[in-house]
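Have a look at the structure below, then the notes.
Chain letters run A, B, ... following the sequence lines, proteins first and then strands; every chain starts at 1. Values reported hereafter were calculated over all heavy atoms of this structure, with side chains retained and with hydrogens, waters and symmetry mates removed.
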Amino acid sequence: MNLDDFYKRSFLRNRGLISETEQEKLRGIRVAIPGMGGMGGLHAATLARSGIGKFTIADFDEFDVHNINRQYGAMASTVGQDKALVMESIIKDINPSADVKVINAAIDDDNVDEFLADVDVMIDALEVFAMDARRLIFRRAYELGIPVISVGPVGFSAVLFIISPDGMDYDTFFGLEDGMDQKEMILNFMAGIAGQGPHLNYMDVKGVDPTSGAAPSLGLACQIGAAIAATELISLVLNRRQAKFVPWFSQLDSYTGTYTQRYRWWGAKNPLHRLRMKILKRMIPALADK
Amino acid sequence: MDSDVDDFYDRAFSRNRGLINEHEQQKIKNTRVAIAGMGGMGGMHAATLARTGIGKFTIADFDCFEIHNINRQYGATVSTIGQDKAQVMAAIIKDINPSAEVTVINAAIGPDNMDQFLSDADVVIDGLDIFVLPARRLMLKQAKIQGLPVFAAAPIGFSTMLSLYSPDGMDFDSFFDIDDSMSEKEMIVAMFACIPWGPQFKYTDVDMLDSQTGGTPVVTTATQLGAGMIAAEVVKYVLGIPGMKAMPRFMQFDPYVRQFKHHHNWFGGKNPLFKLKKRLVKKLMPHLV
């Protein structure tokens, strides 16, 4: 059987929801995913199973035992192996005709253009704490006209925000500026994603340490997030329905069984949100003592 | 050796801390989940729960992986085509958690093996194909007698419909108003009538239901969403935290139309509304009848 035939048969059961022409379109789409950890690995696997045909993936890291609770590629048999290479072989095992470009390094000024070359959509999957890389990638994607879909696993929930080249940019939504203190940037980013919502009822935010990077993280939340992100990506590239870009954002919380969509006027400049950031800064001891 | 495996478990699930404490993690480790079917939903449930740290599984499937499973089934890849679904998933669970105890039933569940399937189980998950009715009815009946909750997520379009049959809630037969005297096709009509005709009909091509592909259209985003949400319910159930309401209440989340609904089918299938809908199903989807 040739690869075209194999592809057609693999994704046959999408029919009824995704038409044959739409499926071919998905096959021609290139998605860039920086980071093959908790969110990134799941994004890659979910999109591969949806029939996305081209990937550019990047990660500098190797799988460790403590990744197993949430990362798609992390298993007893892959501990110690390169995350990006493991995920490449997983994508190819799902779709042998997939075109996978692997960058086995962290994204920086030198390789960001290579990373975003020919990309139709980017899905953000960097660690919360990789602020410099994230700002760089979001800025470059915005300049190049590439939409970015981002999901944060927060407690038992997934928070979704999509940045469109025609809408509000990343720095305005999260309130980030050049020359800002690293801790403050992380706080602003975290407040932007998780400053409000039902997870505050059951999650202890005081334990979050912006310097160590060890925020609690559940596999099930990552998985819900990857499914929502893929639904958005499919609708976006197939032009199926109007997407809601930032300052719209939404949260599905599986712990409380709630779904909320919010619109944050003026992004991080929103007065209510600024108050929220102030309170959060006081609540997190690691940020308070300067 | 034992302590090595325990140590591996503790490290593998250490990042759950902050949301699931050490004591709770042990409870999760000691829970046995019985999952019927290792296809689209079942395989996804197994992998998600293994990554949550569930320590004991009983899994059942009679089938082998085929190419057209690849669009959504966790264990289906080029390298596993032709292999037993249950065996492949057992290996995946063990690769995620080497200390997991996995009982594999390499057969369809039915009267002969139902006791084996449910023995020692704390939670049951229904991952059977939507049209597999006799096995599902038997499993639900038996689970109710044994006082076990049965969770299920049905992928409907881009959405997932989550249900829970609890020992003290409404049972499957009453929810759909079906009984032994009915033919299987009549039961399927009843099922289509009692699920919400919600957002999915805006974008689903209903002519594709049960057509040449041998089943309903199904995408991986929906199965994955359902497995993630059911895993949250299982965690809450095991830890004694109030969770979703049992049938005749259920929920549906559709990320495509951005809608999360909590439903309550008063009186189940006996509700006159569903009697009316049953007649409509027969008219609108003649290929089902």
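- Residue A:Phe11 holds its CZ atom at 7.0 Å from CD1 of B:Ile70, rounded to the nearest 0.5 Å.
- Residue contact with chain A, scored on non-hydrogen atoms closer than 4.5 Å, is absent for B:Ala222.
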Derivation of the side chain to side chain contact (heavy atoms under 4.5 Å, CB included) call for A:Gln223 and B:Leu225: CA-CA 7 Å; A:Gln223 197 170 308; B:Leu225 191 62; over 6 Å; no
Does the pair B:Asn71 and A:Leu12 meet the rule for a side chain to side chain contact (heavy atoms under 4.5 Å, CB included), with working shown? CA-CA 8 Å; B:Asn71 81 319; A:Leu12 189 65; over 6 Å; no
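- Within the 4.5 Å cutoff, the side chain of B:Arg17 has no heavy atoms near those of the A:Pro216 side chain.
- Heavy-atom neighbours of chain A within the stretch residues 88-101 of chain B, taken at a separation under 4.5 angstrom, comprise B:Asp95, B:Ile96, B:Pro98.
- Contacts with chain A were tallied for B:Gly53, B:Ala232, B:Ala231; B:Ala232 has the most, counting heavy-atom pairs under 4.5 Å.
- At a 4.5 Å heavy-atom cutoff, the contact between B:Met229 and chain A is made by backbone and side-chain atoms alike.
- No more than 12 heavy-atom neighbours from other residues, nucleotides or ligands sit within 6.0 angstrom of CD on A:Glu20.
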Show, in sequence, the C-alpha distance, side-chain angles and deciding distance for B:Ile81 and A:Phe6, and conclude whether the side chain to side chain contact (heavy atoms under 4.5 Å, CB included) test is met. CA-CA 12 Å; B:Ile81 285 168; A:Phe6 191 90; 4.0 Å; yes
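- Using a 4.5 Å cut-off between heavy atoms, A:Leu252 touches chain B through its side chain atoms alone.
- Proximity of a side-chain donor or acceptor of B:Lys236 to a complementary backbone N or O of A:Ser254 within less than 3.5 Å is detected.
- For chain A, the nearby part of B:Ile20 is the side chain; its heavy atoms alone come within less than 4.5 Å.
- Of the inter-residue distances, the one linking A:Ser10 atom OG with B:Glu66 atom CD reads 12.0 Å to the nearest 0.5 angstrom.
- The neighbour count for B:His264 NE2, taken as heavy atoms of other residues, nucleotides or ligands under 6.0 Å away, is above 12.
- Residue A:Lys92 touches chain B through its backbone alone, counting heavy-atom pairs closer than 4.5 Å.
- Neither the backbone nor the side chain of A:Gln23 has a heavy atom closer than 4.5 Å to any heavy atom of chain B.
- Proximity to chain B involves both the backbone and the side chain of A:Thr231, based on heavy atoms less than 4.5 angstrom apart.
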Would you check, one step at a time, whether the test side chain to side chain contact (heavy atoms under 4.5 Å, CB included) holds for B:Arg11 with A:Ile68? CA-CA 9 Å; B:Arg11 282 169 60 204; A:Ile68 286 183; over 6 Å; no
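- Looking at B:Ile230, there are no atoms closer than 4.5 Å to chain A (heavy atoms on both sides), in backbone or side chain.
- Inspection of non-hydrogen atoms places B:Phe253, B:Pro255, B:Tyr256, B:Arg258, B:Gln259 of residues 246-259 of chain B under 4.5 Å from chain A.
- Under a 3.5 Å cut-off, the side chain of B:His262 and the backbone N or O of A:Thr258 do not form any donor-acceptor pair.
- A:Arg9 pairs by the salt bridge (charged side-chain N to carboxylate O under 4.0 Å, His left out) definition with nothing, not counting sequence neighbours.
- Surrounding NZ of B:Lys245 are at most 12 heavy atoms belonging to other residues, nucleotides or ligands under 6.0 Å away.
- If you take CZ on B:Phe260 and OG on A:Ser250, they are separated by 13.0 Å, rounding to the nearest 0.5 Å.
- A donor-acceptor pair under 3.5 Å is absent between the side-chain atoms of B:Arg72 and the main chain of A:Asn14, judged by distance alone.
- Shown here for B:Val78 and A:Pro96, the closest heavy-atom pair between the two residues is CG2-CG, 3.3 Å.
- Side-chain contact between B:Pro217 and A:Arg15 is absent, with no heavy atoms from C-beta onward closer than 4.5 Å.
- Between chain A and the options B:Asn16, B:Asn69, B:Val219, heavy-atom pairs under 4.5 Å are most frequent for B:Asn16.
- Between chain B and the residues A:Ala226, A:Gly155, A:Ala221, A:Gly219, the most heavy-atom pairs under 4.5 angstrom are made by A:Gly155.
- Remark: A:Phe156 pairs with A:Tyr202, A:Tyr255 by the ring-ring contact (aromatic ring centres under 6.0 Å, His included) rule, at least two apart or across chains.
- Checking side-chain atoms of B:Arg51 against main-chain N and O of A:Gln71 turns up a donor-acceptor pair under 3.5 Å.
- Of the atoms belonging to B:Thr48, heavy atoms from both backbone and side chain fall under 4.5 Å from chain A.
- The main-chain N or O of B:Thr221 is never found under 3.5 Å from a side-chain atom of A:Arg49 such that the two would form a donor-acceptor pair.
- Only the side chain of A:Ile18 comes within less than 4.5 Å of a heavy atom of chain B; its backbone N, CA, C and O stay farther away.
- For the atom pair CG (A:Leu17) and OG1 (B:Thr216), the distance works out to 8.5 Å, reported to the nearest 0.5 Å.
- Your options are B:Ser79, B:Ala50, B:Ser14, and the one with the most heavy-atom pairs under 4.5 Å with chain A is B:Ser79.
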